[in-house]
Number of protein chains: 2
Amino acid sequence: MNITKTESIGRWISLLHRYGNVYMNEQLKDYNLGAGQYQFLAVLYDNEGLSQDELAHILKMDKGTAARAIAKLEKEGYVERKTFSVDKRIKKLYLTDKAHAFKSTLTSILSGWSNITTKDLSADEQAFAMKLLNKMSLNAEGYLNEMK
Amino acid sequence: MNITKTESIGRWISLLHRYGNVYMNEQLKDYNLGAGQYQFLAVLYDNEGLSQDELAHILKMDKGTAARAIAKLEKEGYVERKTFSVDKRIKKLYLTDKAHAFKSTLTSILSGWSNITTKDLSADEQAFAMKLLNKMSLNAEGYLNEMK
DNA sequence: TATTATTAGTTGCGTACACAACTAACAATA
DNA sequence: TATTGTTAGTTGTGTACGCAACTAATAATA
């Protein structure tokens with residue numbers, strides 16, 4: 001029995017993730033950002049005012065990872081953390097002008113990678129790939145959430 | 001324009017990779033292995049006698065990463081490195097009895113994750129997902145190789 | 001209202017990786 | 001054959017994570 005067969009999906013996921021990070025690091029270098037930050041920024045573009053915990057939850061990332069990613073985004077001037085008197089634990093996240101100005105750049109970078117990886121897929125295949133990956137993610141989430 | 005749309009494939013890839021690692025770490029814990037080693041072992045099951053460089057090349061991993069992963073596999077008694085007099089730089093990799101005995105376990109662990117993530121996909125959908133991910137990986141590879 | 005959870009965020013630690021600089025061994029060319 | 005590449009493997013460094021322990025702040029309950 002050939003073990004590689006069973007492993008192949010995982011292998012491709014791993015490769016796409018690692019190569020995607022290499023690409024993003026390269027593309028984001030000039031903006032003082034890395035592969036570890038852009039996802040948080042991307043979510044904020046569509047949902048300004050989220051807390052760190054909400055952000056981490058949306059991305060299914062550890063809150064420690066979120067804390068450090070956002071600290072970096074703040075340090076580089078992309079986000080601001082604001083505490084309101086309602087609940088002083090919560091730090092709501094807001095985008096700076098620099099971040100707003102950067103949005104179209106990030107969008108092109110992201111669609112650049114998307115175009116590279118799906119370049120020979122038809123529109124139907126792309127849509128189907130998205131559907132399948134979405135399902136697989138939900139299955140993975142569901143399984144690990146049950147574990148806790 | 002919604003940036004999340006452009007980013008969604010990458011986000012799912014990232015999630016599947018991270019959650020896959022969590023799963024593998026959990027499953028491999030009792031065998032003193034982690035998510036960083038099993039891929040190398042899996043390739044060796046089908047190709048005993050490869051060099052580190054060949055292994056790294058097959059997995060599209062950095063040779064430094066390969067060196068450390070294999071060092072760990074050796075330390076835990078899964079592989080042996082043998083140098084032959086033909087070319088003293090090359091260390092050919094061989095599986096130990098412990099590794100052979102572990103093969104079926106690793107196979108179940110891997111198919112376990114595969115079953116979890118694709119649990120509600122039909123056989124056709126699974127085959128199609130594999131085809132698409134394979135294509136995307138090749139595209140990613142092709143792009144990054146051109147860059148050098 | 002005093003005590004006992006729960007929650008948001010921070011930080012230390014360990015692992016997985018890429019990149020780059022290095023060494024030793026081998027190959028190619030002058 | 002002396003010199004000048006390559007190549008296989010190692011190791012240092014930095015980043016991206018998850019996990020767990022911790023601190024405030026808030027909520028729930030006795």
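Heavy-atom basis, side chains included; hydrogens, waters and symmetry copies ignored. Lettering follows sequence order; numbering is per chain, from 1.
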How many whole angstroms separate atom NZ of B:Lys88 from atom P of C:dT23? 20 Å
Note: A:Ala71 and A:Arg81 closest approach over all heavy atoms is CA-NH2, 3.1 Å
Please evaluate the base of D:dT26 for a donor-acceptor partner in the side chain of A:Arg89 within a cut-off of under 3.5 Å? no
CD1 of A:Ile90 versus P of D:dT26: gap in Å, rounded? 9 Å
Among D:dA20, C:dT10, C:dC17, the one nearest any side-chain atom of A:Asp62 is D:dA20
Ranking D:dT26, C:dT11, D:dT6 by distance to the side chain of A:Asp87, first place goes to D:dT26
With a 4.0 Å cut-off on heavy atoms, is A:Asp53 in touch with a base, just the backbone sugar-phosphate, or nothing at all? sugar-phosphate
Gap between atoms CZ and P, on B:Arg18 and C:dC17 respectively (whole Å): 14 Å
Does B:Gln37 make a side-chain N or O approach to OP1 or OP2 of C:dT15 shorter than 4.0 Å? no
Check whether the side chain of B:Arg68 and the base of D:dG12 form a donor-acceptor pair under 3.5 Å. yes
Can you check the A:Leu16 CG to C:dC17 C1' distance for me, whole Å? 16 Å
On DNA chain D, compare the nucleotides closest to A:Ala35 and B:Val22; which residue's is nearer the 5' end? A:Ala35
At what distance, to the nearest 0.5 angstrom, does CZ of A:Arg18 lie from CG of B:Leu144? 10.5 Å
Please report, rounded to the nearest Å, how far the P atom of C:dG14 is from the CG atom of B:Asn32. 16 Å
Contact class for B:Ser51 (heavy atom, under 4.0 Å): base, sugar-phosphate, or nothing? sugar-phosphate
Among C:dG9, D:dA20, D:dT10, the nucleotide that comes nearest once only the side chain of B:Lys91 is considered: D:dT10
Any B:Phe102 side-chain heavy atom under 4.5 Å of B:Tyr45 side chain: yes
Under 4.0 Å between a side-chain N/O of B:Thr65 and OP1 or OP2 of C:dA18, yes or no? yes
Between NZ of B:Lys92 and C1' of D:dT7 the distance, given in whole Å, is 16 Å
Distance, rounded to the nearest Å, where A:Phe40 contributes CZ and C:dG9 contributes P: 12 Å
With heavy atoms under 4.0 Å as the rule, sort A:Glu26 into base, sugar-phosphate or nothing. nothing
Side chain of B:Gln52 - closest among C:dT11, D:dT10, D:dC19: D:dT10
With a 4.0 Å cut-off on heavy atoms, is B:Lys63 in touch with a base, just the backbone sugar-phosphate, or nothing at all? base
Parallel, tilted or perpendicular: which describes the rings of B:Trp113 and A:Tyr143, with under 30° parallel and over 60° perpendicular? perpendicular
Taking atom P of C:dT15 as reference, at what distance in whole Å does atom CE of B:Met24 sit? 17 Å
Could you check if a side-chain atom of A:Ile116 sits within less than 4.5 angstrom of a side-chain atom of A:Tyr23, using non-hydrogen atoms only? yes
Lys NZ or Arg CZ of A:Lys82 over A:Tyr94 ring: under 6.0 Å, within 45°: yes
Along DNA chain C (nearest heavy atom to each residue), the more 5'-positioned of A:Ala67 and B:Gln39: A:Ala67
